[in-house]
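What follows is a set of notes on a single structure, which appears directly below.
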Protein chains: 2
Amino acid sequence: MTRKSADGGGGRSTIRDVAARAGVSAATVSRVLGGVYPVSATTRTRVLRAVRDLDYVADARAKAIAGVGTPTLGFVLDDITGPSFALMAHGVEREATRLGHLCLVCSTDGDAEHELAFIETMRAQRAAAVILVGGSADTPEYRARTGRVADALAAAGSRLVLCGRPPLDPGAPVSVVEYDNEGGAYALCAHVLSRGHRRILYLGGKPEHTTAQGRERGYLAAHRARGVEPDPVLRLAGDFTRDSGYRSMRRALEVGLEFTAVMAATDMVAAGALTALHEAGLAVPGDISLVGYDDIPFARDLHPALTTVHVPYEELGRLAVRTALEWGRKRGPEASDEHLLLGTHVVVRDSVGALVTSSAG
Amino acid sequence: MTRKSADGGGGRSTIRDVAARAGVSAATVSRVLGGVYPVSATTRTRVLRAVRDLDYVADARAKAIAGVGTPTLGFVLDDITGPSFALMAHGVEREATRLGHLCLVCSTDGDAEHELAFIETMRAQRAAAVILVGGSADTPEYRARTGRVADALAAAGSRLVLCGRPPLDPGAPVSVVEYDNEGGAYALCAHVLSRGHRRILYLGGKPEHTTAQGRERGYLAAHRARGVEPDPVLRLAGDFTRDSGYRSMRRALEVGLEFTAVMAATDMVAAGALTALHEAGLAVPGDISLVGYDDIPFARDLHPALTTVHVPYEELGRLAVRTALEWGRKRGPEASDEHLLLGTHVVVRDSVGALVTSSAG
DNA sequence: GTTCCGGGGGAAACCGGTTACTGAGGTGTT
DNA sequence: AACACCTCAGTAACCGGTTTCCCCCGGAAC
């Protein structure tokens, strides 16, 4: 018994098995399944019968190689566990399947090496596009290497999309869909400053991380626009996790830093910081004001509800795939490298109080 | 100029392009890249040179069809946005890539139709396994249909894995990796009862949802074990979102339900409920005690920190892929349908207080 | 100087599909 | 009755790889 088994439904059957069972050629089976080519009614039913009997499904890889496959799209993120990443991932996935694409996903845990490797895999998969979600370390080598894979992808007719990550060097064949990271931070910090605060503790991320950098820039710019020089002592590095916020806050309290407000780089960080503040017996916003960034769903369930910056993360993800796919369609003329910048807005809740100064300082 | 361009790096080149450029046959290129077959040093360098010049990467689909591809594994979840789903997804993804598999992902937003369609797509992709993550509506038709796709997958040498979802009818060729949903709820509820509470409001999920059912069973069983008959009025349906918790809690308060503690079906629901309680001026746990389920990272940042049930979600995801893949390996002998049940434990924080009754009730 | 051996590489078959080309058979027109 | 035309199905080439089979050629052994 060869592997060309004609058993009823048992095992992976090929189009030839179906053809044999229906007493026709493989081409005919393909045509019946494919749709448009004229096939007589009796043949069609015989073929469909065989297909059903064998529970046949055409091999998608073979179809793909023949040029009629479901297109695929790869996307990479740091860690699906982060709420804002999850939101973007959701947007990407929803829009991709809406447009009939499959999603290959990979998380890197911040490992640039791994990211590059995955992109290479996507190139091998002939993915229609690769979407890089979330910030990254921004070293010159990194930009150069990412630029190179962007070139490789472009040469293969694919496309690299940066989603929520700043552009590479100009000229790199990438599409960029990001939000106004710095502007959001600026507006948020301005809000805190407008309530009278002057010593605002900034709980940041990794110094080389682009998202952290953008938010810190906004923090600094808002200060300077008000004519207050931010104290460098008040800027703490960390990462974007809840635990980092908790630890940083505790340490700040222990070493006796002086501040009346805290601006956390993310809502997660803010959540950890809030817990540390509570544990220290400090009231928010009575004693200390606190703001976050991202407006994750949970932000409003913290106590007090967290004032933060809303970022249209899911929309960002959707736009990333739409951009990638549209680019692929109209490639011909002079497909300029798109760069979309979505707006953010601060959502004021209950976590920042007005600071009444005894005198006009 | 035909499409067989031999340009330097520009565009998708085939193995034949590389062969032509290196002045060898396609077979030789394949052998150089493949590894083991003896190839002379000079030929090897010539081929590698051509590969580099053309920036050639073998088409993964073609390799797959020839039987030497990177295996793929599909996984389906309700909504990546839910923290516990995200945790499982992370586990699945990490373990899959650790074992050298690619991940095709799809979220269904609870649409069973869509779930079935995706599984069919995975069958066409010849996925090594398909992992269904999270609960589902448990109707007889659903079990029957899922059983059928499980059969189809099994016939194709693939495998369906249910992760965090109860088994199908016995005999269905599926692997199950779940946690003790009911047991966790039982322990949690027992804890609340042990602090003196007798009227515990249960904020549940959709009645047909298996996860919701399991937790409710635990709630009921704990009551009965204590000899207290739970008041049906205290069981509210909803879904597993924060908003649902908020709304249900408000409504419960408005209609004047009497209770001294709240057991939310998930931490998300608990978070919404907590905010509603705060807004109503009720202290937790002073006036009302509150517990959740899932132990999502945020649970400890609520105020008060939430007592809840810890579920090893990430481990669950990892185990799901390991189970699936091991099954595929040892298929021969008498690959019994595995069923793993992971334990949970309640983590006591600050959200439930002791109820002092005026007299022994 | 033959024969034998084995290393290295090419031709061709194969994986599982699609599709351009070809041709058989039936119908309609003059 | 002859011819054109249309419908439908089969043959074969192709997609981009891998692998089997076979041959050629150089060196060692006799």
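These numbers were taken from a predicted model, which means no experiment stands behind them. Residue numbers start from 1 in every chain, and the chains themselves are labelled A, B, ... in the order their sequence lines are given, proteins ahead of strands.
Residues Arg165(B) and Glu115(B) are paired through a salt bridge, judged by an N-O separation under 4.0 Å between the basic side chain and the carboxylate. Ion pair Glu113(A)/Arg145(A) flagged as a salt bridge, since at least one NZ, NE, NH1 or NH2 atom sits closer than 4.0 Å to an Asp/Glu carboxylate oxygen. With respect to the salt-bridge test (charged N to carboxylate O, under 4.0 angstrom), the residues Arg123(B) and Asp55(A) qualify.
Gln125(B) places its CD atom 13 Å from the P atom of dG17(C), with the value rounded to the nearest Å. Protein atom CZ of Arg123(A) is 12 Å distant from nucleotide atom P of dG17(D), rounded to whole Å. Atom CG of Asp17(B) and atom P of dG16(D) are 9 Å apart (whole Å). When rounded to the nearest whole Å, the span between CD1 of Ile15(A) and P of dC15(C) equals 14 Å. Regarding Leu33(B), its CG atom lies at a distance of 12 Å from the P atom of dT19(D), rounded to whole Å. Between Tyr56(B) atom OH and dG16(D) atom P there is a gap of 10 Å when expressed in whole angstrom units. As rounded to whole Å, 17 Å separates atom C1' of dG17(C) from atom CZ of Arg12(A).
Distances shown here put a side-chain N or O of Arg126(A) below 4.0 Å from the OP1 or OP2 atom of dG17(D). Note on Ser40(B): a side-chain N or O is less than 4.0 Å away from OP1 or OP2 of dG9(C). Under 4.0 angstrom from either OP1 or OP2 of dG16(D) there lies no side-chain N or O belonging to Lys63(B).
Nearest-nucleotide assignment on DNA chain D puts the 5′-proximal partner with Thr42(A), out of Ala62(A) and Thr42(A). Residue Thr43(B) is the one, among Ile65(B) and Thr43(B), whose nearest nucleotide of DNA chain C lies closer to the 5' end (criterion: closest heavy atom).
Residues Thr72(A) and Gln125(A) bring no donor and acceptor atom of their side chains to less than 3.5 Å of each other. If you check the side chains of Arg159(A) and Ser175(A), you find a donor sitting under 3.5 Å from an acceptor. In the model, Glu178(A) has a side-chain atom that pairs as donor or acceptor with a side-chain atom of His339(A) under 3.5 Å.
Residue pairs meeting the salt bridge (Lys or Arg N to Asp or Glu O under 4.0 Å) criterion with at least one member in residues 35-50 of chain B, sequence neighbours excluded: Arg49(B)-Asp53(B).
Taking only distance into account, the side chain of Arg16(A) meets the base of dG17(C) through a donor-acceptor pair shorter than 3.5 Å.
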Could you list the protein-to-nucleotides 19-23 of chain C atom pairs, N/O on both sides, closer than 3.5 Å?
unit_1: dA20(C); atom_1: N6; unit_2: Arg31(A); atom_2: NH1; d: 3.1

